[in-house]
Each structure stands twice: as C-alpha cells, then as structure tokens.
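Before any comments, here is the structure.
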Amino acid sequence: METMGKLRRTNMCGDLSMNDVNKEVVIMGWVQKRRSLGGLIFADLRDITGLVQVVFDTDYNNDAFEKAESLRSEFVVAVKGEVRERQSKNLDMATGEIEVYIKELKILDSSETPPIYIKDNDDVSEQMRLKYRFLDLRKPSMQKNLLMRSKTSKVIRDFMYDNGFNEIETPFLTKPTPEGARDYLVPSRVNPGKFYALPQSPQLFKQLLMVSGMNRYYQIVRCFRDEDLRANRQPEFTQLDLEMSFVDVEDVIELNERLIQKIFKEVRNIDVNLPIKRMSYQVAMDKYGCDKPDLRFGYELNNISEIFKDTEFNAFKSTLENGGIIKCVKIDGSAESFSKKGISKLEKFVKTYGAKGLAWFKFENGVLESPISKFLSENEINALMKSLNIKEGDIAFIVADKESVVNNALGALRIEIAHDKNLIDENTFEMVWITDFPLFEYSEEEDRYVAKHHPFTAPVDEDLDKLESDPGSCRAKAYDIVINGDEIGGGSIRITNRELQNRMFKALGFTQEEADEKFGFLLEAFKYGVPPHGGLAFGLDRLMMMLTNSDNIRDVIAFPKTQSASCLMTEAPAFTSDKQLKELGINVVE
RNA sequence: GCCCAAGUAGUGUAGUCCGGCCUAUCAUGAUGCCCUGUCGAGGCAUCGACCCGGGUUCGAAUCCCGGCUUGGGCGCCA
C-alpha cells in the first residue's frame with residue numbers, strides 16, 4: 001500500500017463537470033466498480049459527493065494502467081489526472097459528461113470483497129446491513145439521509161439562536177422516574193446498591209432552567225426509554241427539546257410553526273403555509289379514532305350508536321348497554337374491490353386491536369348486502385343508509401365495542417384501507433396541531449388516574465376547579481404537532497405553582513411523602529419565584545423520517561439498534577466481567 | 001408478555017405445501033484468461049450454501065418439537 005505522499009485533493013468526485021475540462025485534478029475515494037476492456041480500464045470512483053469515471057489507458061499512461069489492473073471494488077485510491085469531455089456521454093450519471101484520464105495512481109488501501117453491495121435498493125437483509133453498518137453507510141441513500149439530518153440540525157440551531165434560545169446541556173446520569181417509560185439504569189460504583197437512570201427526556205431540568213432565569217433553552221439531546229421497539233421507535237432517540245419563559249400555549253405554537261416552516265423550506269424547499277391547522281383532541285378521537293390523525297385522506301369515522309339505541313341485535317344491544325359505542329367508516333364507491341376474502345383479512349386486522357368482529361354493509365347493483373342485515377330492522381337500515389349517505393358502490397365497516405377499542409380499531413382500519421388503495425401521497429405533508437388533551441387518563445391496570453402527558457402539565461384555566469371533583473374532564477394546556485399521522489412533537493405549558501403542583505400529585509394518587517421523595521427538588525425550586533413557562537420536544541428521528549421519506553427510523557440513524565435493542569455491529573449489550581460486577585456491588589450469578 | 005412473517009453459496013433467491021428424480025435453481029459476486037469506449041460492460045472457465053439442537057423415517061432443505069436471529073404489529077411507550 002502507498003501513502004498519499006504529496007498528493008492532496010483538489011476536487012470532489014461528484015463536483016467535477018464540463019467546467020473542469022482540461023484541468024489537472026487530484027481526487028480520492030473508493031473504487032465503486034472496475035471495468036477492464038483489455039488495454040483500457042474504466043473505474044467509477046466514489047466519495048461522499050458522488051461518482052466520477054476515471055480512465056486508465058495504455059496509450060495515455062502505461063504505469064498507471066498496469067497498477068490499475070489490480071484494482072478491485074472498495075479499494076481506496078488517490079489519482080491525479082486530466083478532466084476530459086467524454087466521447088460518449090452517460091446522461092444517467094451526474095458527472096457523465098466528463099471523465100478523468102489518469103496519469104498517477106496511488107493505491108492507499110485494498111479491500112476484501114464486501115459482504116453487502118454498496119448500492120441503493122440492494123435487497124440485502126436488515127441483519128447484514130446492521131452488522132456491516134460501516135459499509136451500509138457508504139450507500140448514497142444513507143449518506144444523503146445523514147447529510148440531510150446534519151443540515152436539519154444546523155437549520156434548527158440557527159433558528160434557535162436567532163430566536164434567543166440558549167443551548168444548555170443537561171445530565172445523562174440522573175434519577176429514576178416513577179411515572180412513564182421504563183428507565184435504563186446505570187449502577188453507581190461509589191454508591192453501592194444505588195442506580196442512576198438515563199433520562200427519558202430532560203423535562204425537569206429544562207423547567208429548572210426556567211426557574212434559573214435562563215429564559216429560553218433548547219438542546220438537541222439523546223433520550224432513553226427501555227420499551228419495545230417499533231418501525232419508528234428506538235431505545236435511544238434524539239429530541240429537539242425546548243422551553244420558554246413567560247409564554248402561554250399560543251406563543252409556543254407560533255414559534256414552533258415558524259421553526260417547522262423554516263426546516264421544510266431550507267431542507268426540502270417545501271413551503272408550509274401558516275398557521276398550521278388545529279384540531280381538538282376530542283374532534284380527532286371522534287373523527288379519526290386517534291390523537292394523531294393522518295389527514296392525507298378522508299374516511300372519517302361516524303358514531304352511529306344513536307341509530308341502534310333500541311336495537312334487537314344482541315351484539316349491538318349489549319355493547320350499548322355496557323356503555324360501549326358503535327362507529328363506522330364508509331369507503332366511497334369501491335365496494336367491488338372488497339372481496340369476502342379481503343374483508344375477512346380486515347376483520348383479522350381489527351381483531352389485533354381488540355375488536356371482537358367487523359360488521360359491514362355493501363351497496364352494490366342496487367342491493368344491500370350485509371352479514372348482519374337480517375338482525376336489523378328496516379328502520380335501522382334506512383336510518384343507517386340515510387345518516388351515512390350510502391350510495392351505489394359504497395361499503396361501510398362497523399365496530400361495536402367499548403369506546404377505546406372502537407376508536408383504536410377503526411382508526412387503524414381507515415389507515416390500512418388507505419394504504420391498500422394507494423391513496424397516500426408520500427410527497428404531501430398534512431400537518432395539524434392537536435390541542436386540548438385531557439389532563440388525565442384512567443389506568444385500569446393501576447386503578448387510578450395517570451397523567452396523559454406528564455405530571456407537570458398545567459390544566460386549562462377554566463378546568464382548574466375540576467381537578468379534584470372531576471379529573472376525567474379536565475383538559476390540559478398540552479399540544480402535539482402531527483404530520484401525516486405521526487406524532488412529531490408534543491409539549492405543554494407547565495404547572496408553575498407549588499400548590500397546584502401538589503394538587504396535581506394528589507390527583508395522581510401520590511402521597512405528600514412520595515411526591516417529596518420523587519420530585520422534592522422541583523417542589524423546593526417552586527418556592528423561589530417561578531416564571532410561567534412551557535415548551536415542546538420534537539422527535540428529531542421521526543422528523544427526519546418525514547423529510548427523507550423513510551418508512552423506517554433506522555434509515556435516519558447512523559448506528560441504530562435492532563428490534564431486540566441490540567447492536568449487531570458492536571454486539572452490545574454484552575456480558576461483563578465478574579470483577580466489574582463486584583466493583584459495582586452487583587451479585588454475580590453463578 | 002402476546003400475534004404474524006422470514007432464515008438455502010460472499011449477497012439476493014428457486015425448491016419446502018405434497019419427503020426420494022437435490023450430486024440443490026437462477027442472478028450477482030469472487031478468481032483466472034480474452035478484449036481500447038465501457039458505464040447493469042461482454043465472452044470463456046472455475047469456486048461457493050440448506051440458522052442451531054432434538055425427533056419421525058429406509059430416506060429430511062422439505063414433516064414434528066424446542067431454541068436462536070431478523071423484520072412487522074398488539075400490549076407497553078408519563
């Protein structure tokens with residue numbers, strides 16, 4: 001192998017163009033592909049900017065040609081040569097109008113045959129990609145994603161700086177949290193038996209920074225949650241976390257809209273019109289069955305409980321008697337595309353969300369078809385047809401169950417059908433703020449109210465009185481930004497009054513002692529003058545999925561974890577030595 | 001914790017339902033040779049694989065049981 005010697009790059013591969021013809025250039029990079037024609041060798045040279053064809057010609061420079069015969073894929077080389085206009089241009093290639101005739105070749109490193117191809121859309125398994133991530137990241141699409149992520153961070157930092165935010169770091173070694181996701185724990189060597197937790201978010205620290213008078217804080221920060229993974233969930237992920245003093249809901253939303261607008265403009269050259277639309281939590285649940293509606297298509301849900309209030313049909317009757325509801329989603333004019341087999345697949349689909357079944361009505365060739373029509377009265381059928389405005393070719397799917405199951409199942413079904421029917425345009429971005437979240441939700445498992453957002457979220461002013469009397473109907477000063485059915489960010493105005501915070505803890509079922517033990521430092525800080533404040537956190541990884549049109553979070557993270565939270569490249573997590581465990585005061589299991 | 005899908009040369013696959021004709025298909029790759037306008041280069045030759053463990057059977061890539069790994073989903077994710 002050789003060194004670069006005195007050679008230094010004058011140009012990047014992908015930047016060369018007709019403007020460089022006849023110039024002498026030095027470029028360096030990886031051999032994408034060598035094509036030998038005997039006395040003439042072509043090679044595509046790759047660096048982060050792209051590919052350029054280099055030519056080794058016996059008639060031009062025989063020394064370079066002879067060395068080039070040993071070149072193989074992924075060898076690292078430095079070449080000096082002359083840019084020439086091509087005889088036959090390759091218009092599929094960004095630099096296809098030119099090529100570089102090589103007069104000096106230095107082979108800086110060789111390479112074994114790579115276990116995966118270095119090209120996009122290579123069909124290689126996720127397992128191989130992750131094990132050889134350093135090679136996977138050589139692919140243009142992955143480099144493009146990571147560069148876009150880098151640019152997004154820069155746009156964010158510029159915006160935050162220009163708007164008076166201060167970037168302040170908060171600890172990674174912090175205190176286990178009682179509510180919320182499972183913590184990743186870190187044993188303390190000098191405090192045997194005690195543990196730090198990695199932060200699920202810097203929530204309390206950023207609030208304390210407001211108490212400190214830092215006015216506006218932000219951080220692009222890693223957060224950790226020891227929960228099961230999904231296509232858009234990693235155990236460690238990155239948030240743009242921000243907090244502002246002396247603000248209410250409108251101020252936070254207004255600032256963040258401008259940030260979103262700027263990101264989409266500068267990163268993707270997409271115009272986002274402000275203000276972004278708003279929707280209350282209640283409306284979102286009623287119409288879309290979830291608090292992160294995908295608004296790129298219709299298929300709204302309809303509550304049809306009223307129609308069946310006196311029904312004799314047992315399945316509906318008992319549902320209503322037990323406090324459940326009946327909702328449906330109507331699919332316009334495509335009844336014929338739903339075969340019996342297709343419908344039974346959808347039924348199986350909704351069952352994964354807890355629905356007991358999926359009823360349907362199909363109106364085709366003037367005939368109403370339904371597996372349950374014989375159980376319903378003519379009045380009920382007519383009322384249903386009328387209220388849903390069912391026309392020729394329509395089909396409606398119905399789920400009857402308790403409200404959460406109905407919303408869950410039909411909310412997912414409308415998305416599933418939209419996907420099946422290819423209704424979703426990947427290049428549109430439908431954004432919506434979801435507001436007026438409930439402050440609490442009831443946890444059957446714990447038999448108490450838990451915070452819907454988190455325990456530091458302020459109730460809306462009008463609902464303050466109901467904190468004790470009717471917690472279930474209290475709304476929160478909380479808001480989520482949803483893009484294309486994905487929750488991209490969320491936040492709230494915080495409680496800044498010690499008394500109110502104590503009432504909140506009480507409503508959540510904490511005793512004073514528990515509250516003091518878990519959040520004493522916050523309550524202590526609240527004794528000393530707290531400005532009104534609130535903020536928001538964006539899931540940066542999910543935002544990058546949007547911006548890069550990725551359907552998987554791993555494609556926007558350089559070194560992600562697998563579904564079982566391991567890293568196939570480093571083989572983390574790993575067993576450690578008994579010595580290390582003993583030092584940490586952890587009993588060694590024999 | 002649960003459900004679903006997958007695991008065959010370096011890589012991607014066919015074969016698996018219905019066991020034997022599998023000495024396992026094809027593509028790509030790698031290696032060597034030929035070739036001065038290729039760019040999905042071409043031609044000739046060669047190389048290379050049934051996830052692990054157990055079982056059924058005369059016989060298992062194929063059937064059964066257990067496990068591991070990867071992906072998707074439910075629960076979970078304040």
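Below, read A as the first sequence line, B as the second, and so on, with proteins coming before strands; counting in each chain starts at 1.
Rounded to a whole Å, the CD atom of Glu445(A) is 15 Å from the P atom of rG1(B). For Leu229(A) and rU69(B), the CG to P distance is 14 Å, given to the nearest whole Å. Regarding Met128(A), its CE atom lies at a distance of 12 Å from the C1' atom of rA9(B), rounded to whole Å. The nearest whole Å value for the distance from the CE atom in Met93(A) to the P atom in rU38(B) is 14 Å. Distance CD1 (Ile415(A)) to P (rG72(B)): 17 Å, rounded to an integer number of Å. Atom pair Phe42(A):CZ and rG40(B):C1' shows a separation of 16 Å (rounding to whole Å applied). Taking atom CG of residue Leu568(A) and atom P of nucleotide rG7(B), one finds them 18 Å apart after rounding to whole Å. For the pair Met569(A) CE and rU69(B) P, the interatomic distance rounds to 19 Å; values are reported in whole Å.
Going from atom CG of Asp20(A) over to atom CG of Asn11(A) covers 5.5 Å, rounded to the nearest 0.5 Å. Here the CZ-CE distance, from Phe205(A) to Met210(A), works out to 14.0 Å after rounding to the nearest 0.5 Å. Note that the CD1 atom of Ile481(A) and the CD1 atom of Ile253(A) stand 8.0 Å from one another [nearest 0.5 Å].
With rU38(B), rG72(B), rG1(B) as the choices, the nucleotide that has an atom nearest any side-chain atom of Asp228(A) turns out to be rG1(B). Side-chain proximity of Glu126(A) to rU36(B), rU70(B), rU11(B): nearest is rU70(B). The listed nucleotides are rG75(B), rU36(B), rG12(B); the one nearest the side chain of Val124(A) is rG12(B). Among the nucleotides rU36(B), rU69(B), rU38(B), the one closest to the side chain of Gln127(A) is rU69(B).
Base engagement by Ser201(A) is indicated by at least one non-hydrogen atom pair under 4.0 Å involving a base atom. As judged by a 4.0 angstrom heavy-atom cut-off over every strand, Phe456(A) is placed among residues making no nucleic acid contact. Using a 4.0 Å heavy-atom cutoff across all strands shown, Asp183(A) reaches no nucleic acid atom at all. At the heavy-atom level, Leu51(A) lies nowhere under 4.0 Å from the strands shown. Within 4.0 Å (heavy atoms only), Asp59(A) reaches at least one base atom of the nucleic acid. Within 4.0 Å (heavy atoms only), Pro455(A) reaches at least one base atom of the nucleic acid. Contacts of Glu416(A) with the nucleic acid, taken as non-hydrogen atoms under 4.0 Å apart, are absent. Residue Ile116(A) is out of contact with every strand shown, counting any heavy-atom pair closer than 4.0 Å. When heavy atoms are screened at a 4.0 angstrom cut-off, Thr95(A) is found touching no nucleic acid atom at all.
Remark: the separation of the C1' atoms in rU56(B) and rA9(B) is 29 Å, to the nearest Å. Between the C1' atoms of rU16(B) and rU25(B), the separation comes to 14 Å (whole Å). Taking atom C1' in both rA30(B) and rG48(B), the straight-line distance is 9 Å, to the nearest Å. Taking the P atoms as reference points, rC18(B) lies 28 Å from rC2(B), given to the whole Å. Here, rA41(B) and rC52(B) have their P atoms 34 Å apart, quoted to the whole Å.
In terms of polar N and O atoms assigned as donor or acceptor, the side chain of Thr352(A) never comes within less than 3.5 Å of the base of rC4(B) in a complementary pairing. The base of rG71(B) does not come close enough to the side chain of Arg554(A) for any donor and acceptor atom to sit less than 3.5 Å apart. Applying the 3.5 Å distance criterion, the base of rG10(B) shares no donor-acceptor pair with the side chain of Glu112(A). Between the side chain of Arg233(A) and the base of rC76(B), at least one donor-acceptor pair of N or O atoms lies under 3.5 Å. For rU38(B), the base has a donor-acceptor partner in the side chain of Arg86(A) [N/O atoms by modelled type, under 3.5 angstrom].
In this structure, rA24(B) forms no base pair with any nucleotide, since neither Watson-Crick nor G-U wobble geometry is met with both distances under 3.5 Å. Figure legend. rG32(B) is base-paired to rC44(B); pairs are counted as Watson-Crick or G-U wobble with both atom distances under 3.5 Å. Across all strands shown, rA5(B) forms a Watson-Crick or G-U wobble pair, both distances under 3.5 Å, with rU70(B).
In this structure, Met1(A) and Ser110(A) approach most closely via the heavy-atom pair SD-N, 3.4 Å.
Residue Asn232(A) places none of its side-chain N or O atoms closer than 4.0 Å to OP1 or OP2 of rC77(B). Proximity of Ser564(A) to the phosphate of rC68(B): no side-chain N or O atom is located under 4.0 Å from OP1 or OP2. Applying the 4.0 Å criterion to OP1 and OP2 of rG72(B), one finds that Asn552(A) has a side-chain N or O inside that range.
Closest-nucleotide positions on RNA chain B for Gly354(A) and Asp123(A) were compared, and the one nearer the 5' end corresponds to Asp123(A).
Both tests hold for Lys518(A) against Phe510(A): distance to the six-membered ring centre under 6.0 Å, angle to the ring axis within 45°.
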Ring pair (Phe, Tyr, Trp, His ring centres under 6.0 Å) between Phe519(A) and Phe456(A), worked out: CA-CA 10 Å; Phe519(A) 304 112; Phe456(A) 320 106; 5.2 Å; yes

field: Stepwise ring pair (Phe, Tyr, Trp, His ring centres under 6.0 Å) test for Tyr353(A) and Phe349(A)
entry: CA-CA 7 Å; Tyr353(A) 293 86; Phe349(A) 176 79; 5.3 Å; yes

message: Run the ring pair (Phe, Tyr, Trp, His ring centres under 6.0 Å) test on Phe437(A) and Tyr479(A) for me, step by step, so that the C-alpha distance in whole Å, both residues' side-chain angles and the decisive distance to 0.1 Å come before the verdict.
response: CA-CA 7 Å; Phe437(A) 278 83; Tyr479(A) 33 79; 8.8 Å; no

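Between Leu568(A) and Thr562(A) the shortest side-chain heavy-atom distance falls below 4.5 Å.
Results of the salt bridge (charged side-chain N to carboxylate O under 4.0 Å, His left out) test with Arg448(A) over Glu446(A), Glu444(A), Glu445(A) single out Glu446(A) as the only residue that passes.
Between Glu243(A) and Arg494(A) a salt bridge is recorded (basic side-chain N to carboxylate O distance below 4.0 Å).
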field: Base versus backbone protein contacts along nucleotides 26-32 of chain B [heavy-atom cut-off under 4.0 Å; B, S, -]
entry: --BSSSS

